[in-house]
K.L.:
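Sharing a structure with you now.
Reckoned from all heavy atoms, side chains included, excluding hydrogens, waters and symmetry mates.
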Amino acid sequence: MPLFQPVTRLPDVRLQQGSGERGFGLAGLTLILAVTAVSCGGGSKEAPPVRVTWVVGQAMPDFDPLGPPDPVRAAIERLISRGLVEEDSTGAVVPAAAESVAVSSDGLQYRFHLRADLSFADGAPCRSDAFREAIEAGINRLDHSTYTWLFASVQGMAKVRAGRPLPALGIATPDPRTLVISLSHEDSLFLRKLAYPGAAVPWRRMADGGFDGIGSYRVAAISPQRLTLSRRAAAGPDSIQIRFVPSAARVRALLRAAVPDLVWPIPPDLLDQALPPVYRSLSRPARPNRRLLIVFRPDLPPTSKPTARHALASGLSRPELIEALGMLGEDRSVGLNGAPPYEFPKDDPSQVREWLQRGDLGISLHVVMAYSADGAGARVARTLQSEWARNGLDVELRPFREPVVTTEMLRPGGAQLLLVEDQSILSSPLAELASVVMPMRGPPVGAFRSGWTTREFDAWVWPAGNSPPLGVGAAQQRLVDEDVALPIANLPWVWVVRSNLEGRFHPRFGPDPASAAP
């Protein structure tokens with residue numbers, strides 16, 4: 001039997017994108033003006049350029065390809081970046097920057113053969129060492145350890161400590177078109193982890209401090225509220241103008257003027273009024289599930305006491321929250337993947353008083369809840385505050401906008417409660433647990449800090465080899481008992497598009513802006 005078995009080979013995979021360095025602002029990108037030389041022959045007329053206007057109903061995020069998970073940033077990166085492999089809209093993992101992938105017979109070595117035509121936007125070739133550097137940059141973050149979790153099975157990862165020099169890792173570049181990754185133990189999800197946004201996606205630092213990607217689009221112009229991308233490869237609109245408008249009233253004005261081709265994500269109050277006739281709203285389920293969570297952090301007082309968390313959880317009326325979400329939420333109580341429906345606490349004022357008494361918390365308690373002013377959480381924040389006040393619980397609201405909200409959700413101090421929109425890293429209970437259970441060392445996995453540290457799930461969340469099967473039902477019961485992360489509702493992807501368009505849709509990423517061409 002040969003040492004390497006080919007997994008998938010797609011010799012004509014379209015070149016699209018590239019990402020992956022330490023955090024930097026969008027203003028740090030190189031401002032590359034696209035100048036296209038068109039050769040016309042025989043008197044034929046040049047086709048008019050096709051431009052898509054994509055309105056984002058929130059403030060511009062920091063452009064940090066290896067930063068905490070963020071759906072808007074990931075959608076932009078898919079246009080200007082590309083990793084070794086990617087997940088298509090059917091959920092299959094297929095080669096992307098890699099022309100082919102082969103796996104050794106023991107499942108411990110992955111060999112990636114890169115496409116010959118990979119290049120950065122300035123024409124410089126993209127070689128295997130750029131992918132190795134991108135992986136190493138992702139696993140050495142101080143704010144989150146998402147990529148550390150994704151690459152935990154790579155040789156040498158057990159010695160990685162956040163912020164310290166990296167040990168020798170099982171990542172080799174035998175030639176400019178070959179990348180070999182060696183694992184310490186078999187990981188059946190490794191290729192799927194490698195397809196996660198930002199994983200092993202290269203960027204090239206320019207002399208002026210900007211960054212250069214390998215994708216189908218490149219940055220042509222930028223301002224604090226706008227980002228214009230120009231096409232450099234493959235099919236699609238000639239340019240995509242992205243406008244960041246964190247106001248439902250301003251977005252409605254643009255819709256009345258028929259400016260946007262796509263609005264996504266939508267401001268939380270946009271659909272409270274009817275859309276102009278030339279537009280319609282669409283909703284599709286997300287995969288992995290997106291959920292609206294209330295996180296009660298055990299690392300901060302008074303929610304460090306289980307009785308305080310139980311009191312807050314017992315003071316909520318979930319039907320009122322679902323009603324407040326409207327089209328943005330689904331009345332589905334989804335817990336861990338493969339587990340029974342989550343057992344949501346009953347709204348019981350007497351139970352609230354009992355928990356306060358048992359915790360010696362007095363007749364009330366005061367906590368702060370942080371949330372995104374531009375997200376679905378803004379639809380329910382005041383409803384939550386009113387429900388808690390009805391039960392004698394004082395909750396102070398602190399809304400934030402990007403990029404501050406990302407920092408607020410991850411910092412060690414701050415608010416005791418977090419209202420977060422969370423999409424699991426993978427459709428797997430192990431990934432869902434990883435985002436809720438804090439690592440014993442290093443920053444959290446994912447986009448928020450739960451503050452819950454326990455070693456009882458180490459064998460599955462941070463396995464060192466073959467682990468016994470996870471009891472998903474028992475694991476979910478532990479989450480119910482602890483009241484650390486309370487799932488309010490499922491969040492589908494919701495967007496607005498011209499009535500004569502629908503475009504492509506990806507269950508993980510939502511609507512594809514490049515397919516919204518009129």
K.L.:
Count the heavy atoms of every other residue, nucleotide or ligand shown that sit under 6.0 Å from CD of E323, and state whether that count exceeds 12.
P.N.:
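No, CD of E323 has 12 or fewer neighbouring heavy atoms, counting only those of other groups under 6.0 Å.
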K.L.:
Going by an N to O cut-off under 4.0 Å, is there a salt bridge joining R318 and D347?
P.N.:
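Not counted as a salt bridge, because no side-chain N and carboxylate O are separated by less than 4.0 Å.
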K.L.:
Using 4.0 Å as the upper bound for N to carboxylate O, is an ion pair formed by R390 and E320?
P.N.:
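Answer for the salt bridge query: yes.
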K.L.:
Answer yes or no: is there a donor N or O on one side and an acceptor on the other, between the side chain of S314 and the main chain of D348, under 3.5 Å?
P.N.:
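No; zero donor-acceptor contacts below 3.5 Å.
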K.L.:
Of all heavy-atom pairs between I242 and L229, which one has the smallest distance, and what is that distance?
P.N.:
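Residues I242 and L229, closest heavy atoms: CD1-CD1, 4.1 Å.
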K.L.:
Mark yes or no for whether R73, through its side chain, and D64, through its backbone, hold a donor-acceptor pair below 3.5 Å.
P.N.:
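Checked: pair present.
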K.L.:
Is the side chain of R218 donor-acceptor paired with the backbone N or O of A121 at a distance under 3.5 Å, no angle test?
P.N.:
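At least one qualifying donor-acceptor pair exists.
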K.L.:
With side chains defined as the heavy atoms from C-beta onward, is the minimum distance between I425 and P69 less than 4.5 Å?
P.N.:
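Not touching, per the 4.5 Å side-chain cut-off.
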K.L.:
Given side chains that start at C-beta, do those of V259 and R243 come closer than 4.5 Å, heavy atoms only?
P.N.:
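Yes. Closest side-chain heavy atoms under 4.5 Å.
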K.L.:
Would you say R498's side chain and A258's backbone share a donor-acceptor pair under 3.5 angstrom?
P.N.:
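Yes, because the side chain of R498 sits within donor-acceptor range (under 3.5 Å) of the backbone of A258.
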K.L.:
Taking all non-hydrogen atoms of both residues, which atom of S499 and which atom of R280 are closest, and how far apart?
P.N.:
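For S499 versus R280, the nearest heavy atoms are O-NE, 3.6 Å.
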K.L.:
For a quick test of reading the model, state the closest non-hydrogen atom pair linking V445 to S145 and the distance between them.
P.N.:
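That would be CG2-OG, 3.4 Å.
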K.L.:
Between L419 and G377, which heavy-atom pair has the shortest distance, and what is it?
P.N.:
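Nearest pair, atom of L419 first, then G377: CD2-O, 3.4 Å.
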K.L.:
With no hydrogens and no angle check, is any side-chain donor or acceptor of S119 less than 3.5 Å from a backbone partner on A124?
P.N.:
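No, the answer is negative, given that no donor and acceptor are paired below the 3.5 Å cut-off.
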K.L.:
If you measure from the Lys or Arg side-chain nitrogens to the Asp or Glu carboxylate oxygens, is any gap between D512 and R504 under 4.0 Å?
P.N.:
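Yes, this pair counts.
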K.L.:
Could you tell me if the side chain of V56 sits less than 4.5 Å from the side chain of P265, heavy atoms only?
P.N.:
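In contact.
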K.L.:
Would you indicate whether the side-chain heavy atoms of F131 and C126 approach each other to under 4.5 Å?
P.N.:
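The answer is yes; the side chains approach within 4.5 Å.
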K.L.:
Do you know the tightest heavy-atom contact between A286 and Q423?
P.N.:
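Taking every non-hydrogen atom into account, CB-NE2, 4.1 Å.
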K.L.:
Counting N and O atoms only, with roles assigned by atom type, does the side chain of R508 sit under 3.5 Å from a partner on the main chain of G91, one being a donor and the other an acceptor?
P.N.:
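No: the side chain of R508 does not pair with the backbone of G91.
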K.L.:
Is it true that D269 and R252 have a side-chain N and a carboxylate O under 4.0 angstrom from each other?
P.N.:
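A salt bridge is absent here (no side-chain N lies under 4.0 Å from a carboxylate O).
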K.L.:
Report yes if some heavy atom in the side chain of I294 is under 4.5 Å from a heavy atom in the side chain of L312; otherwise report no.
P.N.:
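I294 does not reach L312 side chain to side chain.
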K.L.:
Can you say whether the rings of W54 and W264 are parallel (under 30°), tilted (30 to 60°) or perpendicular (over 60°)?
P.N.:
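The arrangement is parallel - the two ring planes meet at less than 30°.
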K.L.:
Is there a side-chain contact between Y371 and L292, using heavy atoms and a 4.5 Å cut-off?
P.N.:
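The answer is no, as the side chains (C-beta and beyond) never meet within the 4.5 Å cut-off.
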K.L.:
Test your reading of the model: is there a side-chain donor-acceptor pair from S450 to the backbone of V436, 3.5 Å cut-off?
P.N.:
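Side chain of S450 to backbone of V436: a pair is present.
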K.L.:
Could you check whether any side-chain heavy atom of P492 comes within less than 4.5 Å of a side-chain heavy atom of R284, counting everything from C-beta outward?
P.N.:
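No, too far: nothing below the 4.5 Å cut-off.
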K.L.:
When you check the gap from the basic side-chain N to the acidic O, do D122 and R204 get nearer than 4.0 Å?
P.N.:
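Judged by the 4.0 Å cut-off on N to carboxylate O distance, D122 and R204 do form a salt bridge.
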K.L.:
Checking R231 side chain against G236 main chain: does a donor-acceptor pair fall under 3.5 Å?
P.N.:
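Here the side-chain-to-backbone pair exists.
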K.L.:
Determine the interplanar angle of the W388 and F296 rings, folded into 0 to 90°, and report it as parallel if under 30°, tilted if 30 to 60°, perpendicular if over 60°.
P.N.:
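W388 vs F296 ring planes: perpendicular.
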K.L.:
Closest approach of P68 and L410, non-hydrogen atoms and distance?
P.N.:
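Closest approach of P68 to L410: CG-CD1, 3.2 Å.
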K.L.:
Less than 4.5 Å apart, any side-chain heavy atom of L365 and any of L393?
P.N.:
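A side-chain contact under 4.5 Å exists here.
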K.L.:
Donor-acceptor pair, Q416 side chain versus V368 backbone, under 3.5 Å?
P.N.:
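Yes.
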K.L.:
Between T228 and R51, is there a side-chain donor-acceptor contact under 3.5 Å, judged purely by atom types and distance?
P.N.:
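Side chains of R51 and T228: no pair found under 3.5 Å.
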